[in-house]
Amino acid sequence: MRTPTPFESRVYEALTQIPRGRVTTYGLLAVYLDCGSARAVGQALRRNPNGPRVPCHRVVRADLSLGGYAGATAGATWRRKHRLLEQEGIPIEGNCVASREYLYDFS
DNA sequence: CACCTGACATAAT
DNA sequence: AATTATGCCAGGT
């Protein structure tokens, strides 16, 4: 597999800090990484999901829609993300997280 | 609600 | 080495 860039490593590390039952957004992640660009974050996640080690399912869009998962925005793969979140106690409404009270801001 | 632009990192050319 | 294209976005028009 590809060698993860330092930036990507930071993204993964940040992800592992998210407590179970919580989610974060690309923007929040970007700020935490002092990057400011949610796009760079999303790209890092999609390029190297690195298996179950990185809970990329805990990352949603700023408007709370689930966004994608491992490059998919629909289909079986995406559905898995949906299920994983509910499994952690996060209510999902359609393709969105039902409430912001589950957001983790790395405080 | 659809489209465009902005800002950042990486891969490809 | 430089430029171009692209991405699980965000915010504004």
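Because the structure is predicted, anything quoted here is derived from the model rather than measured.
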For A:L103 and A:T24: C-alpha separation, side-chain torsions, deciding distance, then whether side chain to side chain contact (heavy atoms under 4.5 Å, CB included) applies.
CA-CA 5 Å; A:L103 287 182; A:T24 192; 5.5 Å; no

Minimal non-hydrogen separation, [X] against [Y], with atom names:
X	Y	result
A:Y32	A:A14	CE2-CB, 3.5 Å
A:A70	A:T77	CB-CG2, 4.0 Å
A:A72	A:W78	O-CD1, 3.7 Å

For [X], answer base if it contacts any base atom (sugar-phosphate contacts may also be present), sugar-phosphate if it contacts only those atoms, and nothing otherwise; contact means non-hydrogen atoms under 4.0 Å.
X	result
A:G71	base
A:A30	nothing
A:G68	base

May I ask you to decide if the ring planes of A:H57 and A:Y69 are parallel, tilted or perpendicular, using 30° and 60° as cut-offs?
perpendicular

To the nearest Å, give me how far apart [atom1] ([X]) and [atom2] ([N]) are.
X	N	atom1	atom2	result
A:L64	C:dG11	CG	P	12 Å
A:D63	C:dG12	CG	P	14 Å
A:L66	C:dC9	CG	C1'	15 Å

Please determine whether a side-chain nitrogen of the Lys or Arg among A:E88 and A:R58 lies less than 4.0 Å from a carboxylate oxygen of the Asp or Glu.
yes

The single option from A:T5, A:L45, A:N48 passing side chain to side chain contact (heavy atoms under 4.5 Å, CB included) against A:V11
A:L45

Let's go through A:Y104 and A:V23 carefully: what are the C-alpha distance in whole Å and the side-chain angles of both, what is the deciding distance for side chain to side chain contact (heavy atoms under 4.5 Å, CB included) to 0.1 Å, and is it a yes or a no?
CA-CA 6 Å; A:Y104 178 65; A:V23 295; over 6 Å; no

For DNA chain C, which residues in residues 97-107 of chain A have a heavy atom at a distance below 4.0 Å?
none

When the nearest nucleotide of DNA chain C is assigned to A:T25 and to A:V41 on a heavy-atom basis, which residue is associated with the more 5' position?
A:V41

Each nucleotide of nucleotides 7-13 of chain B classed B (base within 4.0 Å of a protein heavy atom), S (only sugar-phosphate) or -, in 5' to 3' order, makes BBBBS--

